[in-house]
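Labels below follow one simple rule: chain letters A, B, ... track the order of the sequence lines, proteins then strands, and each chain is numbered from 1.
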Protein chains: 2
Amino acid sequence: MNIGEIAKRAGVSRSTVSYALSGKRPVSEETRRKIQQVVDELGYRPSASARALANGRTSTIGLVFPPAGNHYTGMQLDFIGSVVEAAAAYDYDVLLSPSGVDSDRSFQRLLGERRVDGAILMEIRLEDDRVDHLAELDFPSVAIGRTAHPERGWWVGLDHTALAAACVHHLADLGHRRVAFVNRPEQLLRAGYESAHRGLDGFTKAAAERGLTVRTYCCGDDAASGQACVEQILRDDPATTALVTLNEAALGGLYRGLARAGRHVPRDFSVTGVVAGRWAETVTPQLTAADVPAEEMGRRAVDLLVERLDHSDAPPRHHLLTPPISLRASTGPAGVTPTADAGSGTTP
Amino acid sequence: MNIGEIAKRAGVSRSTVSYALSGKRPVSEETRRKIQQVVDELGYRPSASARALANGRTSTIGLVFPPAGNHYTGMQLDFIGSVVEAAAAYDYDVLLSPSGVDSDRSFQRLLGERRVDGAILMEIRLEDDRVDHLAELDFPSVAIGRTAHPERGWWVGLDHTALAAACVHHLADLGHRRVAFVNRPEQLLRAGYESAHRGLDGFTKAAAERGLTVRTYCCGDDAASGQACVEQILRDDPATTALVTLNEAALGGLYRGLARAGRHVPRDFSVTGVVAGRWAETVTPQLTAADVPAEEMGRRAVDLLVERLDHSDAPPRHHLLTPPISLRASTGPAGVTPTADAGSGTTP
DNA sequence: TAGCTTCGCCGAACCGGTTCGATGAAGTGA
DNA sequence: TCACTTCATCGAACCGGTTCGGCGAAGCTA
């Protein structure tokens with residue numbers, strides 16, 4: 001069923017069918033009804049490929065996935081969901097691009113083969129060749145995250161520096177003096193992941209400001225690593241009374257490690273960090289955290305991208321979000337300074 | 001940069017360029033090198049839209065999302081990830097289709113506008129109009145899940161009946177006599193979700209077989225609902241000593257509810273169910289569960305779909321998986337029968 | 001009633017690839 | 001030397017839409 005068939009059955013030319021359906025030129029009411037009738041009878045829908053070829057737009061946006069890391073975190077899930085939903089509202093489809101092992105290849109597919117009108121990038125690095133590359137090509141894209149040179153770009157980001165600092169201040173206000181920082185995996189830190197770097201930065205500076213004693217750790221994106229990380233923390237400094245985490249996937253493991261070590265949260269030990277709200281609520285006690293507004297970020301990224309697609313001359317825009325810390329139940333006042341032998345509390 | 005430009009610069013015709021690149025007809029080594037050189041210089045890649053139009057294939061598969069439910073669960077994330085990855089290995093892109101509120105519209109986009117060569121459906125219902133519809137059209141698709149009439153279809157499913165039954169037997173073997181069942185949200189059960197129905201079925205039958213006293217509940221897909229559900233369970237029958245859950249998203253809440261009620265897992269209360277392994281490990285104690293092999297299922301779904309796309313006359317195939325229960329730490333022998341007043345253990 | 005505008009529709013070209021049949025040059029055998 | 005095959009390449013048609021310029025009929029003005 002193509003447009004020619006419709007035209008034939010309606011007794012008009014192909015162009016008339018096209019205009020009747022698109023409304024880009026006036027068509028008499030009578031013909032339009034006749035055409036519509038045939039279209040409805042045959043359930044005709046114009047081919048996306050043909051349309052894309054003709055007018056040079058695919059009505060599809062690409063969602064480019066982490067170039068490192070082997071499985072996805074809950075936060076990414078929230079991004080994906082909200083991007084898909086927001087895109088649908090604008091009548092855009094979303095094409096997922098793994099850009100995993102073979103990053104360049106799928107990138108080439110998206111851009112080189114012109115499968116998408118624009119792209120949304122996730123898991124941004126401070127020096128991100130993908131962002132640079134797209135900027136050079138002037139290819140419409142919006143980053144979820146902020147590189148080291150964000151001035152002229154389109155992005156929606158989270159102020160990880162401020163958020164990590166807020167966590168530190170929150171803990172310091174509660175009287176904690178020895179605090180650990182649980183970052184994303186070392187591999188990602190080394191790769192230059194924005195959140196890992198800016199978060200670490202904010203943590204370190206704020207801790208120095210408040211005169212805290214700190215240690216920082218990298219931790220794999222899974223529960224087992226989280227548990228191991230806590231064990232390490234308590235071994236390195238048994239007097240630690242709180243931690244700040246950026247690592248959502250390890251959260252369950254962090255809690256487990258603390259429980260195993262006999263540290264009660266929040267009585268003996270406070271936990272906070274930067275985590276999507278939905279996941280902060282799954283742990284017990286619920287995590288006091290700066291809630292990553294993943295839903296809002298995804299939606300805004302799509303808004304920006306659509307704006308850029310509709311007005312190719314629009315000046316760069318961005319949103320930097322700084323959500324407040326949601327007080328839940330995982331932090332409390334630093335208690336009596338733990339006795340020196342408290343560190344031996346690992347279970348056999 | 002189109003194929004004509006390449007042809008001009010290489011001093012050959014457009015068709016020669018096409019053949020040189022596709023290899024579908026022999027081209028002299030000399031011309032092929034000349035063409036390749038021009039292609040490399042200009043970084044030319046053929047347009048996906050034009051190619052799709054010409055040969056009637058988009059090299060894209062659609063991943064159709066739940067028609068009900070407002071946010072995504074971790075299991076779905078695992079499916080998405082593995083599908084994208086497996087598809088990339090076959091050089092297919094993945095188009096996400098929310099099919100959320102306006103299910104028909106995005107479905108029409110995918111099929112009517114021929115944006116995809118085939119589709120993978122998630123969150124199958126026992127009577128699923130999407131599946132029926134696609135079967136009628138003879139549109140290549142694979143379901144992740146199994147309808148009430150799975151004989152002639154392509155799908156990869158989980159034997160929820162057997163898995164739920166296995167959970168029951170596991171608990172019964174441990175001596176539990178009063179067991180609750182925590183299902184997906186009522187809305188989904190009513191909509192006819194396969195896993196909810198088959199799981200409930202397997203649970204009920206196995207419990208009858210073992211002569212257990214049971215109660216079944218529906219529970220929202222979030223921690224708060226899980227907590228409320230446990231409270232309800234212990235109110236309805238304080239002597240309950242175990243539960244089986246299909247509801248991964250509520251898991252954290254279930255644990256919290258038990259802790260609040262003063263029930264220690266697994267000493268006082270056993271928890272098991274059907275949950276993706278990665279998520280079963282995030283809770284403490286780690287969940288003894290039938291691990292949903294989401295990664296394998298996604299991969300197999302893609303394998304089947306590609307097979308069907310390559311051989312349109314292939315007979316229907318499917319995989320029914322029955323992963324074993326992974327023994328972790330959330331179940332234990334039923335202890336002394338709880339005293340009658342144990343049910344009042346909710347915190348104020 | 002001639003001349004002008006407006007309206008509704010048509011035909012053709014175009015988007016950028018693929019594919020089929022044809023063509024001419026080179027190679028082979030009698 | 002001629003007929004026949006083989007090989008490399010070309011031109012044209014096609015996929016299914018969109019869009020532009022033009023044209024005839026109807027309506028309006030003088």
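For the residue pair B:Asn2 / B:Tyr44, no side-chain donor-acceptor distance below 3.5 Å is found, with atom types taken as modelled. Under 3.5 Å, the side chains of B:Ser15 and B:Ser18 contain no donor-acceptor pair of N or O atoms. Side-chain contact of A:Asp128 with A:Thr147: a donor-acceptor pair under 3.5 Å is absent, judged by distance alone. Side-chain contact, A:Thr58 with A:Asp117: a donor N or O sits under 3.5 Å from an acceptor N or O.
Here A:Thr16 reaches the OP1 or OP2 of C:dC10: one of its side-chain N or O atoms lies under 4.0 Å away. One finds no side-chain N or O of B:Lys24 lying less than 4.0 angstrom from the OP1 or OP2 phosphate oxygen of C:dT18.
Distance from the side chain of A:Val27 is smallest for C:dC9 among the nucleotides D:dC15, C:dC9, C:dA13.
Pairing each heavy atom of A:Tyr90 with each of A:Asp303, the nearest pair is OH-OD1, 2.9 Å.
Residue contacts shown for B:Thr31 are limited to sugar-phosphate atoms, with no base heavy atom under 4.0 Å away. Heavy atoms of A:Arg57 sit nowhere under 4.0 angstrom from any nucleic acid atom. B:Ser47 comes within 4.0 angstrom of the backbone, heavy atoms only, and of no base. Across all strands shown, B:Ser28 has heavy atoms under 4.0 Å from sugar-phosphate atoms exclusively, and none from any base.
Residue B:Glu30 contributes atom CD, which lies 18 Å from atom P of D:dC7 at whole-angstrom precision. Counting to the nearest Å, the P atom of D:dA8 and the CZ atom of B:Arg33 are 14 Å from each other. Distance, B:Arg51 CZ to D:dG17 P: 21 Å, rounded to whole Å. Look at CZ on A:Arg32: it is 14 Å from C1' on C:dC9, rounded to the nearest Å. If you take CG of B:Leu53 and P of C:dC14, they are 17 Å apart, rounded to a whole angstrom. With rounding to whole Å, B:Lys34 atom NZ is found 17 Å from D:dT9 atom C1'.
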List, with names and distances, any nitrogen or oxygen atoms from the protein found under 3.5 Å away from nitrogen or oxygen atoms belonging to nucleotides 20-23 of chain D.
residue : atom : partner : partner atom : Å
D:dC20  : N4   : A:Tyr19 : OH           : 2.9
D:dG21  : N7   : A:Arg25 : NH2          : 3.3
D:dG21  : O6   : A:Arg25 : NH1          : 2.5
D:dG21  : O6   : A:Arg25 : NH2          : 3.4

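Both B:Arg114 and B:Pro26 sit near DNA chain D, but only B:Pro26 has its closest nucleotide nearer the 5' end. The residue among A:Glu29 and A:Arg14 whose nearest nucleotide of DNA chain C lies closer to the 5′ end is A:Glu29.
Two end axes, each from the C1' atoms of five base pairs, can be drawn for the helix from C:dT1-D:dA30 to C:dA30-D:dT1; they diverge by 50°, to 10 degrees.
Taking a cutoff of 4.0 Å between a charged side-chain nitrogen and a carboxylate oxygen, A:Glu296 and A:Arg300 qualify as a salt bridge. A salt bridge links A:Asp138 to A:Arg308: one of the charged nitrogens lies within less than 4.0 Å of a carboxylate oxygen. Checked for salt-bridge contact, A:Glu307 and A:Arg317 meet the test: a charged N lies under 4.0 Å from a carboxylate O.
A heavy atom closer than 4.0 Å to some atom of DNA chain C occurs in B:Asn2, B:Ile3, these being the qualifying members of residues 2-13 of chain B.
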Stepwise side-chain contact (heavy atoms from CB on, under 4.5 Å) check, A:Arg278 with A:Leu77:
CA-CA 11 Å; A:Arg278 210 176 117 203; A:Leu77 177 66; 4.3 Å; yes
Show your working on side-chain contact (heavy atoms from CB on, under 4.5 Å) between A:Met297 and A:Leu158 and close with a plain yes or no.
CA-CA 9 Å; A:Met297 292 177 73; A:Leu158 214 50; 3.9 Å; yes
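Around the CD atom of A:Glu151, the shell of radius 6.0 Å holds more than 12 heavy atoms that belong to other residues, nucleotides or ligands.
Counting only heavy atoms from C-beta outward, the side chains of A:Arg32 and A:Gln36 never approach each other to under 4.5 Å.
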